[in-house]
*Asks:* 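A single structure is presented below for examination.
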Amino acid sequence: MGKETSIVEKLELVIPGFHGYKKKELIREDDRLVRGKVADTLALARREMERALQRCAMVSCAQLVAIDNLRKKLMALESRVRHAEAGYRGYFDRVKFKEEELKRLIEYDAKMIELAEEILNEVKALNGQIANPQALGMAVLNLDDKLINFEEVLGKRMSFAAGE
Amino acid sequence: MVQVIEWVNPGEDEIIWRYPNEVIKWGAQLIVHEYEVAVFMRDGKIYDVLGPGRHTLTTQNLPLLYKLVGGSNSPFKATVIFVSMKQFQGRYGGETQTRELAPVKYYGVYWFKVADPVLFITEVVGGQSLYDTADVTKFIRAYFNEGMMKHLSAYSIVDLFQNLDMVSTQVKVKLMEDFRRLGLELVDVKIEGVNTTDEWRQRLFWIMQTGNAQYVMQMDTAKQVAAELGKSEGAAIGTGMVVMPQLLQQPAQPAQPAQPYAGGGVPPAGYQQPAQPGAPAQQAGQEICPYCGKQIPAGARFCPYCGHEIKRCPNGHIVPEGAKFCPVCGAKIE
C-alpha cells in the first residue's frame with residue numbers, strides 16, 4: 001500500500017495545460033486524507049466519551065447531561081472536519097486557489113491533528129474521573145475549552161478556504 | 001459502453017438500496033456520494049466498503065470467461081448495496097407508570113445513523129432490497145419501551161416533568177449499546193410529551209398541597225365508597241354509619257410530609273435533599289394550577305396557562321370545583 005500515481009494519472013501530469021489541475025487535485029486528496037485522520041481521532045474521542053457516559057449513568061453522576069452535550073459538540077466537529085471545503089473555485093470566481101493556498105489548507109489540517117490528540121487525551125482523563133464529582137466537573141470544563149480551541153482553528157481554516 | 005452505478009434520488013427515509021442488476025460488467029464505474037457508502041459483494045462475499053468518489057469495479061465478469069463457464073447465465077454475480085450515512089429520525093411512544101403508580105403516556109423522537117454498514121447489512125437487513133426508518137423503528141421498538149419504562153418508573157410525576165432532559169439522556173445511554181450491536185449509532189433521544197389522566201393530575205396536586213399522600217388517598221377511597229353506597233339505599237344507612245366515620249378519620253401526620261422525589265434509583269452524586277421539612281412543595285409566592293400543573297402567581301384568580309378559574313376558600317387556599325369545605329383548613333365555602 002502506498003500513495004502511488006496510476007498510469008492515467010502520470011499521463012495527466014505530463015499533458016501541458018492539464019498538469020497544474022492534476023497537481024492541485026492531488027493536493028486536495030492529501031488534504032482529504034489528513035482531514036480524515038483528524039476526524040478519525042475525534043471519532044475515537046467520541047467513543048471514549050460514550051464509555052464515560054455509560055460509566056456516568058452507572059453511578060448516576062450529576063454531569064451526565066453536560067457530558068452528553070460535549071459528546072454532541074464532538075460529533076458536530078467530527079462531521080464538519082470530515083466534510084470540510086477542499087478549496088475548489090469556479091472558473092469565474094473572483095478568488096482563485098493556487099497550489100500555495102492548498103498547501104496552507106494542509107498546514108491547518110496538521111495543526112488540527114495536534115488539537116484532536118489533545119482532545120482525545122482530555123476525554124481519557126475525564127473518563128478516569130467519573131467516580132470523583134469535583135474532579136469530573138473540572139475535567140468537563142477543560143474538555144470544553146479544548147473543543148472551543150479546536151473550533152476556532154477549524155473556523156479559521158474554513159474562512160481561509162472560503163477566500164476570506 | 002461503460003456501466004455507471006449510482007443511487008439516484010434516494011428517498012427521505014431510505015437507509016439502504018440494493019442495485020437491482022447482479023450482472024455487473026468488468027470495469028463498471030461506481031459513483032458514491034459524500035453522504036453514503038457502497039458495500040461491494042462478489043460471489044456472495046463482502047469484499048469492500050467504498051467511500052465517496054468514483055470507483056472502478058473488478059467483477060471478473062468478462063463475456064468470454066462467463067460464456068466458457070456458465071453459458072448464457074453468468075456465475076460471476078456482483079452486488080452493490082448503497083447505505084446512506086446521514087442521520088435519520090424515528091418515533092417512539094408508549095404507556096407506563098411513575099413511582100406513585102400514576103399512569104403516564106410518553107412519546108418522542110430519536111435520531112440515529114448507520115455506524116457500521118457491514119454489520120447493519122449482515123445483522124439486520126439481510127437480503128432485503130430496501131430498508132427504511134420505519135423498519136428500524138419496528139425492529140428497535142421493544143428496546144425503547146423497556147428503557148423508557150425502566151427510567152420513567154423511577155421518577156415521581158412532578159420530577160419527571162422537571163427532569164425530562166435527564167430521563168432522555170439516561171434512556172439514550174442505556175440504548176446506545178443496543179444500537180451499536182446492530183451497526184447503528186444512536187445520536188439523540190428526546191421526549192416530546194408526557195401526559196397523565198385528569199384524575200391523577202388533581203390527586204397529585206392535593207398531595208403536593210397537603211403534603212400528606214395517605215390522607216389524600218383516604219379521601220379518594222371515602223369518595224368512592226360514598227358513591228357506591230349511594231347506589232343501594234339500605235346499605236347506605238347501615239354500612240355508611242359504620243364505615244364512613246372511620247374512613248373520614250384523619251390519619252396521624254407523617255414525620256416528614258411527602259417531598260417530590262428527586263431522581264432515579266440512586267440519587268446523583270453530589271445531590272442534596274432539600275432540607276425544609278414541612279415546607280410547601282411550591283416556592284414562596286408561587287402556587288400550582290390543579291388543572292394544568294404549571295406554576296401560577298400566588299392569589300391568581302385564573303390560570304394564565306390553561307385559563308381555568310381558580311376557586312379559593314375564605315382563607316385563600318385553592319379548592320376543587322364544587323367543594324363545600326376547604327380540604328386544607330376546613331372553612332366553609334360560600
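Note that the structure is predicted; figures quoted are calculated from it, not measured. To find a chain, count down the sequence lines: A is the first, B the second, and so on, and within it residues start at 1.
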*Asks:* Please report the interatomic distance CG(B/D188) to CZ(A/R71), rounded to the nearest 0.5 Å.
*Replies:*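 These two atoms lie 7.0 Å from each other.
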*Asks:* Decide if atom NZ of A/K24 counts as having more than 12 heavy atoms of other residues, nucleotides or ligands within a radius under 6.0 Å.
*Replies:*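 Atom NZ in A/K24 is crowded, with more than 12 foreign heavy atoms closer than 6.0 Å.
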*Asks:* Chain A heavy atoms under 4.5 Å from B/E185: which part of the residue, side chain, backbone, both or neither?
*Replies:*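 Contact with chain A involves the side chain of B/E185 alone.
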*Asks:* Distance check, rounded to the nearest 0.5 Å: A/D68 atom CG versus B/T169 atom OG1?
*Replies:*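 A/D68 CG to B/T169 OG1: 5.0 Å, rounded to 0.5 Å.
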*Asks:* Can you confirm whether more than 12 heavy atoms, excluding those of A/Q129, are under 6.0 Å from its CD atom?
*Replies:*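 Yes.
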*Asks:* Would you call A/R32 and B/E34 a salt bridge, using N to O less than 4.0 angstrom?
*Replies:*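 Here A/R32 pairs with B/E34 in a salt bridge, since their nearest N and O are under 4.0 Å apart.
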*Asks:* Is atom CE of B/M85 surrounded by more than 12 heavy atoms (other residues, nucleotides or ligands) closer than 6.0 Å?
*Replies:*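 Yes - once you tally the heavy atoms of other residues, nucleotides and ligands closer than 6.0 Å, there are more than 12.
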*Asks:* Report, as yes or no, whether the 6.0 Å neighbourhood of atom NZ on A/K156 holds more than 12 heavy atoms from other residues, nucleotides or ligands.
*Replies:*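 Count not over threshold, so no.
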*Asks:* Kindly give the heavy-atom pair with the smallest separation between A/L53 and B/V173, and that separation in Å.
*Replies:*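 Heavy atoms of A/L53 and B/V173 come nearest at O-CG1, 3.8 Å.
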*Asks:* Which bit of A/R47 comes within less than 4.5 Å of chain B, counting heavy atoms only: side chain, backbone, both or neither?
*Replies:*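 Contact with chain B involves no heavy atom of A/R47 at all.
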*Asks:* Let me know if B/K172 has heavy atoms under 4.5 Å from chain A in its side chain, its backbone, both or neither.
*Replies:*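 B/K172 touches chain A through side-chain heavy atoms alone.
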*Asks:* Would you compute the distance between atom OG of A/S60 and atom CE of B/M166 and round it to the nearest 0.5 angstrom?
*Replies:*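 If I round to the nearest 0.5 Å, the distance is 7.5 Å.
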*Asks:* Are the side chains of B/K174 and A/Q54 in touch, meaning some heavy atoms are under 4.5 Å apart?
*Replies:*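 A side-chain contact is absent here, since even the closest heavy-atom pair is not under 4.5 Å.
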*Asks:* For chain A, which residues of residues 87-97 of chain B have at least one non-hydrogen atom nearer than 4.5 Å to it?
*Replies:*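 Near chain A, by residue number: none.
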*Asks:* Within a radius of less than 6.0 Å around NZ of A/K73, do more than 12 heavy atoms belonging to other residues, nucleotides or ligands occur?
*Replies:*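 Check passes, neighbour count above 12.
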*Asks:* Could you tell me whether B/K105 atom NZ has more than 12 heavy atoms of other residues or ligands within 6.0 Å of it?
*Replies:*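 Result for NZ/B/K105: open.
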